[in-house]
Amino acid sequence: MAAPDARPPGPEELLEGSAGPVLRSLLTHAGLGLAVWDTELRCVWANDVLTRYDGIPREQRLGLPPHASLSGDAAALESTLREVLDTGACVIGRPYRVPVGQGDRRPRFLAATALRLDDPDGRPLGVALLVLDVRSGRGVQDRLAVVSEAGARIGTTLDIVRTAQELADFTVPLLADYVTVDLTEAVRLGGEPLERLGTADGRVPTFRRAGVASVHDGAPESLWASGEAVYVPEASPFMRVLHTGRPLLEPHIDTSPGTWLDHDPARAEKIRRFGMHSLLIVPLQARGLLMGVMVLVRADNPAPFDDGDRLLAEEIAARAALSLDNARRYTRERTAALTLQRSLLPRRVDGGDAMEVAAHYVPADAEYSAGGDWFDVFGLSGGRLALVVGDVVGHGIAAAAAMGRLRTAIRTLADLDLPPAELLTRLDRASVHLVEADEADAECCSVGATCVYAVYDPAARTCTVALAGHPPPAVSGADGSLGFPDLPHGTPLGYGLPPCEAAVLELPPGGLIALYSDGLVEDRRHDIDVGMERVRRALDRAGRDSSLTELCTAVVDTLPRAPEDDVTLLLARAR
């Protein structure tokens, strides 16, 4: 029996012993390229199929790391293999292009799969690379594998520019040496509207660059950086694709006098300088909307584009266009929701002679859009001051609209000089009536909202607080210690449940009360008590001498990550 600390067998040892000949025969005649590296990323075995793919003899690979024993984008593949070796996570169908070899008329387009080799105890032995030629007789099936990989690697977020860049990165060097993704004003990327920009040398600003990739560092072929306006002649292949919505394949770029390049000398100079010889332009359209074009160019690769390339590029572009349209729709709705939400929130809060107040609002992380948080501060009769923080369940325009309705209703009810508990009870009834009056569009109604309403009376030095399903405020006592008083919790608004109750708290001069939304204290990984204690410690550490603005910043800075929900904090200190 081997000693417990004996070195695990290396991958080359798997091919020895009684099963060795069978394994070698299977791997050698498997019909796909295969190479194995040990834990130091030294090549210990490779089959002849891989040699047919990239032209490197087996003997020249042994003992060498991937960047020295593979061709094409070998450095990137080595990074992939190292990651697989470190994490154990497989990488399947990674695009891999090798240059034109002797006797080949075009480069090979390969799909690479990397997996870690472990012993029975889970200790890594090495890493294996399996390579399949996607331009082989398997044709359609392998092309679908590449398109499937494109779907996994393009559109990983709802960010338009990142999605466009992922598309450009995926297609270089898989299909082209240089790729740009240029979008029309149908997908707003910010900046001056293109229609307001003037022409330049007979060219019109038609697109805005969203993504660019090249086999050369820094993409020196590009005339424009990401985000800049792209100018093209009216009579150009780009405008033709934009007008027809159909791809354009130019196997050999015609640079002779009398072509459209006469009206685009800067682009013509780039074509000559980098030896660009083949052009493919594919429209980016989804759900009936033409959003822009993907431009593919070959220069270092001597093979011209053909119909097979066009078909593959169209399929990749179709997948990417859906992701771009999803990002476009999301961005449009989130911008509208944030604009509506901010227009309804007070630009500044003023506690008058009664209290010093400050508020801080942080919109939800981009993955989750804008929410329905709101806050408000307004005066009441007798010098009293009302403090409000609320939260509508959900995100987007519907939540922002519901928030606006609730904020208006609270202001209206406050004019009746109602006690906090009665005000929230009536607000709950009003929410139910809003739902009943607008059942056809219930998403816009204020079902599922929480609220805290507090009224400070400077004469009595008291603060009357009522909760409707909302977290309790943090309050400092006469000794300056901060805590969360035990208050009647109440039920959320919009359900017509039992009426709210209120509690009266003492708030001496210099006393602090902190109202907040659950986005400040809730975390999927921890109980809400953990978040509340985090807020209490932050307020304690900042000290009583800090300004309320500094206190707000100190508390919000304790958030462990970008918020998944809107964060609202309203601080008030008795003068």
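Values in this document were obtained by computation on a predicted structure and should not be read as measured data. Starting from 1, each residue takes its place in the sequence as its number.
Defined by atom type and a distance below 3.5 Å, a donor-acceptor pair is present between the side-chain atoms of T156 and E166. In this model, no donor atom of one side chain and acceptor atom of the other lie less than 3.5 Å apart for D373 and Y361. Between T51 and R58, the side chains place no donor N or O within less than 3.5 Å of an acceptor N or O (distance only, hydrogens not considered). Residues H216 and D177 bring no donor and acceptor atom of their side chains to less than 3.5 Å of each other. A donor atom on one side chain and an acceptor atom on the other are not found under 3.5 Å apart for R319 and S148.
One N or O on the side chain of D38 and one on the backbone of L41 form a donor-acceptor pair closer than 3.5 Å. Listed for the T184 side chain is a donor-acceptor partner under 3.5 Å among the backbone atoms of M291. In terms of modelled atom types and a separation under 3.5 Å, the side chain of E78 and the main chain of H67 share a donor-acceptor contact. Checked by atom type and distance alone, the side chain of E228 pairs as donor or acceptor with a backbone atom of A225 at under 3.5 Å. Here the side chain of D529 pairs no donor or acceptor atom with the backbone of M532 at under 3.5 angstrom. With K270 contributing its side chain and G275 its backbone, the two residues share no donor-acceptor pair below 3.5 Å. A donor-acceptor contact shorter than 3.5 Å is absent between the side chain of D391 and the backbone of S517. Side-chain atoms of R328 do not come within 3.5 Å of backbone N or O of V187 as any donor-acceptor pair. Between the side chain of T80 and the main chain of A76, a donor-acceptor pair closer than 3.5 Å is present. In terms of modelled atom types and a separation under 3.5 Å, the side chain of Q165 and the main chain of V212 share a donor-acceptor contact.
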| task | Assess whether side chain to side chain contact (heavy atoms under 4.5 Å, CB included) is satisfied between L158 and T331, documenting all intermediate values. | result | CA-CA 8 Å; L158 288 171; T331 301; over 6 Å; no
| Would L129 and L70 satisfy side chain to side chain contact (heavy atoms under 4.5 Å, CB included), going step by step from the backbone distance to the final call? | CA-CA 11 Å; L129 177 72; L70 296 170; 3.9 Å; yes
| task | Determine, stepwise, if the pair R52 / D48 fulfils salt bridge (charged side-chain N to carboxylate O under 4.0 Å, His left out). | result | CA-CA 6 Å; R52 293 202 301 269; D48 294 336; over 6 Å; no
| request: Would you check, one step at a time, whether the test side chain to side chain contact (heavy atoms under 4.5 Å, CB included) holds for V282 with V293? | output: CA-CA 6 Å; V282 180; V293 296; over 6 Å; no
| said: Using the rule given for side chain to side chain donor-acceptor pair (under 3.5 Å), can you reason through R209 versus S222, listing the C-alpha separation, both sets of side-chain angles and the distance that settles it, and then say yes or no? | reply: CA-CA 10 Å; R209 183 137 299 168; S222 181; 2.8 Å; yes
| task | Decide side chain to side chain contact (heavy atoms under 4.5 Å, CB included) for L223 and V230; before the verdict, give the C-alpha distance in whole Å, the side-chain angles of both, and the deciding distance to 0.1 Å. | result | CA-CA 8 Å; L223 289 167; V230 176; over 6 Å; no
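Considering CD1 of I160 and OG of S323, their distance stands at 12.0 Å, rounded to 0.5 Å. Between the CG atom in L322 and the CD atom in Q285 there is a gap of 11.0 Å [rounded to 0.5 Å]. Annotation: the span from L539 atom CG to T558 atom OG1 amounts to 9.0 Å, rounded to 0.5 Å. For the atom pair CD1 (I154) and OG1 (T163), the distance works out to 9.0 Å, reported to the nearest 0.5 Å. One distance of note links CG of L115 with SG of C90; it measures 5.0 Å at 0.5 Å rounding. Separation of atoms CG (L248) and CG (L279) is listed at 6.5 Å; rounding is to 0.5 Å.
Taking 4.5 Å as the limit, every side-chain heavy atom of E250 sits out of range of all side-chain heavy atoms of S278. Between L125 and D118, every side-chain heavy-atom pair lies at or beyond the 4.5 Å cut-off. Using a 4.5 Å heavy-atom threshold, the side chains of F238 and F207 count as touching. Side-chain contact between V241 and P247 is absent, with no heavy-atom pair separated by less than 4.5 Å. The shortest distance between side-chain heavy atoms of P237 and I281 falls below 4.5 Å. Between L117 and V127 the shortest side-chain heavy-atom distance does not fall below 4.5 Å. Side chains of P251 and F305 form no contact here, defined as non-hydrogen atoms less than 4.5 Å apart. Residues L167 and M294 have side chains in contact (heavy-atom distance under 4.5 Å, counting atoms from C-beta outward).
The two residues V181 and A164 have their closest heavy-atom pair at CG2-O, 3.6 Å. Scanning both residues, H470 and T450, for their nearest heavy atoms gives ND1-OG1, 2.9 Å. In this structure, G33 and V49 approach most closely via the heavy-atom pair N-CG1, 3.5 Å. Shown here for H277 and N301, the closest heavy-atom pair between the two residues is NE2-O, 2.6 Å. The heavy-atom pair separating D169 from A213 by the smallest distance is OD1-CB, 3.6 Å. Contact record, I316 with F170: CD1-CE2, 3.7 Å, taken as the closest heavy-atom pair.
A salt bridge links D309 and R298; the closest N-O separation between the charged side-chain nitrogens and carboxylate oxygens is under 4.0 Å. Checked for salt-bridge contact, R61 and D54 meet the test: a charged N lies under 4.0 Å from a carboxylate O. A salt bridge is absent between D540 and R537; no separation between the charged side-chain nitrogens and carboxylate oxygens falls under 4.0 Å. Here D325 pairs with R329 in a salt bridge; the nearest charged N to carboxylate O distance falls below 4.0 Å.
The number of heavy-atom neighbours closer than 6.0 Å to CZ of R536, taken from other residues, nucleotides and ligands shown, is above 12. Residue D121 qualifies as enclosed at atom CG: its count of foreign heavy atoms under 6.0 Å is above 12.
Under the 30°/60° scheme for interplanar angles, the aromatic rings of F484 and Y516 are found to stand perpendicular.
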